[in-house]
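Letters A, B, ... mirror the listed sequences (proteins, then strands); counts begin at 1.
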Amino acid sequence: MAKPPGLYAPILRETLSDLYKNPPLGEKLTVKGWVRTRRTTRAVSFLELQDGSTLRALQVVLSHNLIPRERIESELHTGASIGVWGELTPTPERPQPFELVAEGYELYGSADPEAYPLQKKTHSLEFLREIAHLRPRTRTFQAIFRIRSGISFAIHQYFQERGFVYVHTPILTPSDCEGGGQLFQVTTLPLQQIPTHPDGRVAYEYDFFGRPAYLTVSGQLEGELLATGLGRIYTFGPTFRAEPSHTPRHLAEFWMIEPEMAFYDLSMTMDLAEDFLKYLIRYTLRNFSEELAFLAERYEPLLLAELEHAKESAFLRLSYTEAIEILQKSGKEFQFPTHWGSDLQAEHERYLVEEYAQRPVILYDYPKAIKAFYMRQNPDEKTVAAFDVLFPRIGEVIGGSQREERYEYLLSRIQELGMDLFTYENYLDTRRFGTVPHSGFGLGLERILLFLTGMTNVRDVVPFFRAPGQMA
RNA sequence: GCCCGCUUAGCUCAGCGGUUAGAGCAUCUGGCUGUUAACCAGAGGGUCGCAGGUUCGAAUCCUGCAGCGGGCGCCA
């Protein structure tokens, strides 16, 4: 966790957070922030001032003797930004420990109450999505974005402390990692007049790269190339999927963490994934108790209990085959009946996590036919060494696998699926020269943030969301 | 992509075939010995999403469209 900025004064000015950590009672000071609410009585007005550094507000008392009531009533509405000076006074008999007794203030920016969309009441998350540019003024989004920031730091800390190299895989790529996913194409060709060959094919030699280019859907393939030199690497960056998924769990632009480790088999990788997730939960509980308490009170009463429970439980590991048996013996009426070889539906995953296990579940060894080409074939020749981590309330947070490191197996899989060999030449090279068993996984940042914040829609855990038909 | 639901004041919602469409909060005006989602009194504020249709009469029923939300699929 970063040190409080107060330690770096005078380079950094003090925030309300600093004030609450070490209040200079009896001293004169200036505080700057935004007005959350104002209450006016005959002789004095009270402000709740917030500055984004903490969810707590500072109560400011403005005496109408010193500052005209008309000025206060015309300027200090919810959302106005001010600098206010006075003495910090203890108030042991009041709900708050101290308040600022103002001597004067400077108005930086007013907020016309007839036009300013935010009010002191709670707004719906749906309404706030329509004003994503103003959401950061609310405590809810301050809490969420602070947790997002902290968790991003914790992700780096976890891997850096363990000798993983942070690698930057390209955003612009020539290939589709998963083979079949929908990509955003990137081009500088004029859309009104796309150059074509006589047979109608697009003349990509005139495009920027001289070939088709896309936004990456995953850094995994490049991550593997780097891991087969550096040993243990991780990526952490944005990824893009042009799938028309209209759900609370999908974004067109989202952040993904993808570690890739040479000389790791599936079991070691599942251990790492579980340890990593618990680390993130512990980190959040330790560093964001104020934010969690707020979010729990507002949105998800069970939030703290869920985090504690997930942190303490051993994730239940089930092979796909075991999971199918459990589902078939469950006596539950599912909309989609299961048989060996069918992909698990959301209802099946929910049953396994929420009813059967009642804790996070790791499913592994999936049928080869329903998984990606690069996953390592198991000796049974029917399954591949893949795993998913399923969480209560939010479903899949991690998908991973041991990668196929045997050249012949990988080559024949690529050919079987009719994929373009040329595109995967470099990838295949890592199997031709000094190939090693290796594994990795992908964690969706927004997915884990749903779990950590109690939110239920990924649009609410990213500052500006991109989803089909929506650019906040 | 398929299915379901919602859309009424700035916000959250009630009204679900029958006077002039309501409430709370917000706003404005006034009041209040220090408030804590302050309180009290009063006022303003509506093309009932849009376009058609049924009806003596539509916010209310029907159709289409749009936006939003949710479920499924796909996945992180």
Side-chain angles (χ1 to χ4, degrees), chain A residues 36-48 56-64 69-70 73-74 77-79 89 91 93-96 99 101 111-131 139 177-178 180-182 217-220 235 238-258 273 298 334-336 343-350 370-372 386 388-391 394-400 441-451 456-462 467-470:
Chain A
R36 189 194 296 159
T37 70
R38 188 196 74 220
R39 294 178 289 271
T40 295
T41 64
R42 185 183 181 77
V44 292
S45 288
F46 300 93
L47 298 182
E48 303 266 330
R56 301 178 79 169
L58 176 68
Q59 171 153 291
V60 178
V61 192
L62 305 125
S63 161
H64 298 160
R69 176 172 176 171
E70 307 79 66
E73 292 198 314
S74 66
H77 294 105
T78 297
T89 309
T91 52
E93 72 285 5
R94 308 265 177 226
Q96 62 280 359
E99 64 189 18
V101 179
D112 177 4
E114 302 281 5
Y116 187 58
L118 295 173
Q119 296 163 10
K120 62 172 145 188
K121 58 174 298 193
T122 4
H123 297 86
S124 69
L125 294 170
E126 290 82 358
F127 173 66
L128 293 171
R129 268 171 228 155
E130 295 168 12
I131 48 166
R139 284 186 293 171
C177 164
E178 307 277 339
Q182 297 182 53
V217 294
S218 162
Q220 184 201 313
T235 72
T239 49
F240 307 88
R241 299 200 183 164
E243 316 235 339
S245 306
H246 216 116
T247 84
R249 293 173 301 282
H250 290 84
L251 291 169
E253 175 180 324
F254 64 99
W255 282 62
M256 192 150 63
I257 299 97
E258 295 178 287
R298 273 278 172 91
F334 293 112
Q335 196 190 337
F336 297 93
D343 210 350
L344 295 178
Q345 313 286 318
E347 55 173 345
H348 305 133
E349 296 183 349
R350 256 199 313 277
I370 60 174
K371 286 292 178 181
D388 284 349
V389 181
L390 310 176
F391 263 37
I394 56 165
E396 182 179 345
V397 287
I398 279 182
F441 62 80
L443 169 70
L445 180 67
E446 287 78 11
R447 293 265 175 96
I448 193 65
L449 275 170
L450 289 186
F451 186 71
T456 55
N457 190 315
V458 286
R459 290 173 178 82
D460 297 329
V461 296
V462 64
Q470 292 182 318

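Between B/rU60 and B/rA21, the distance separating the two C1' atoms is 11 Å to the nearest Å. Across B/rC61 and B/rA43, the matching P atoms stand 33 Å from one another, rounded to whole Å. Rounded to whole Å, the C1' atom of B/rC6 lies 22 Å from the corresponding atom of B/rC25. B/rU8 and B/rC68 are spaced 14 Å apart, taking the P atom of each and rounding to whole Å. Taking the C1' atom of each, B/rA38 and B/rG17 are spaced 43 Å apart, rounded to whole Å. Across B/rA23 and B/rC75, the matching C1' atoms stand 44 Å from one another, rounded to whole Å. When the P atom is compared between B/rA59 and B/rG18, the two are found 11 Å apart, to the nearest whole Å.
If you find the closest nucleotide of RNA chain B to A/P244 and to A/A43, the one lying nearer the 5' end belongs to A/P244. Heavy-atom distances to RNA chain B give each of A/G469 and A/F46 a nearest nucleotide, and the one nearer the 5′ end belongs to A/F46.
Applying the salt bridge (charged side-chain N to carboxylate O under 4.0 Å, His left out) criterion to A/R42, with sequence neighbours excluded, gives no partner residue. When the side-chain hydrogen bond (donor to acceptor under 3.5 Å, both in side chains) test is applied to A/T37, no partner is found at least two apart in sequence or on another chain.
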Worksheet item: Passes side-chain contact (heavy atoms from CB on, under 4.5 Å), A/I448 versus A/F391? Steps please.
Response: CA-CA 9 Å; A/I448 193 65; A/F391 263 37; 4.0 Å; yes
Worksheet item: How far apart are the C-alpha atoms of A/R241 and A/T239, what are their side-chain angles, what is the distance that settles it, and do they pass the side chain to side chain donor-acceptor pair (under 3.5 Å) test?
Response: CA-CA 7 Å; A/R241 299 200 183 164; A/T239 49; 5.3 Å; no
Item to complete: Please report the C-alpha distance between A/Q470 and A/R129 in whole Å, then the side-chain angles of each, then the deciding distance to 0.1 Å, and finally whether the side chain to side chain donor-acceptor pair (under 3.5 Å) criterion is met.
Response: CA-CA 10 Å; A/Q470 292 182 318; A/R129 268 171 228 155; over 6 Å; no
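Dashed line: the shortest gap from a side-chain N or O of A/H64 to OP1 or OP2 of B/rC32 is not under 4.0 Å. Remark: A/Q470 is in phosphate contact with B/rC68, judged by side-chain N or O atoms under 4.0 Å from OP1 or OP2. Using a 4.0 Å cut-off, some side-chain N or O of A/S124 falls inside it from OP1 or OP2 of B/rU12.
Pairing partner, B/rG5: B/rC68, with both Watson-Crick or wobble hydrogen-bond distances short of 3.5 Å. Nucleotide B/rC61 forms a pair with B/rG53, judged by Watson-Crick or G-U wobble geometry with both contacts under 3.5 Å. Remark: B/rA41 base-pairs with B/rU29; criterion is Watson-Crick or G-U wobble with both hydrogen-bond distances under 3.5 Å. Taking a pair to require two hydrogen-bonding distances under 3.5 Å in either a Watson-Crick or a G-U wobble arrangement, B/rC75 remains unpaired. Under the Watson-Crick or G-U wobble criterion, with both distances below 3.5 Å, B/rU12 is paired with B/rA23.
Scanning all heavy atoms of the two residues, the minimum distance from A/E243 to A/Q182 falls at OE2-N, 3.5 Å.
Panel note: side chain A/R447, backbone A/E396; a donor-acceptor pair is recorded below 3.5 Å. Without hydrogens or angle criteria, A/E446 side chain to A/W255 main chain gives a donor-acceptor distance under 3.5 Å.
As a whole-Å value, the separation of A/L125 CG from B/rC68 P is 16 Å. Between the CZ atom of A/R129 and the C1' atom of B/rC11 there is a distance of 16 Å, given to the nearest Å. Residue A/E126 contributes atom CD, which lies 7 Å from atom P of B/rG70 at whole-angstrom precision. Distance A/D343 CG to B/rC75 P: 6 Å, rounded to the nearest Å. The nearest whole Å value for the distance from the NE2 atom in A/H348 to the P atom in B/rC72 is 12 Å. Atom CG in A/L344 sits about 14 Å away from atom P in B/rA76, given to the nearest Å. For A/R69 and B/rU33, the CZ to C1' distance is 13 Å, given to the nearest whole Å. For A/E130 and B/rG10, the CD to C1' distance is 12 Å, given to the nearest whole Å.
Backbone-only contact: A/P248 has heavy atoms under 4.0 Å from sugar-phosphate atoms and none from a base. At the heavy-atom level, A/A346 lies under 4.0 Å from the strands shown only through sugar-phosphate atoms.
A donor-acceptor contact under 3.5 Å is formed by the side chain of A/H250 with the base of B/rC75. A/Q119 contributes a side-chain N or O that forms a donor-acceptor pair with the base of B/rG10 under 3.5 Å.
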Item to complete: Heavy atoms under 4.0 Å is the rule here; annotate nucleotides 36-45 of chain B 5' to 3' with B where the base is hit, S where only the sugar-phosphate is, and - elsewhere.
Response: B-B-------
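The side chain of A/R249 sits closest to B/rC72 out of B/rG34, B/rG69, B/rC72. With B/rC11, B/rG73, B/rC74 as the choices, the nucleotide that has an atom nearest any side-chain atom of A/F127 turns out to be B/rC11. The listed nucleotides are B/rA76, B/rC28, B/rG69; the one nearest the side chain of A/P113 is B/rC28.
Rounded to the nearest 0.5 angstrom, A/Q345 CD and A/E347 CD are separated by 6.5 Å.
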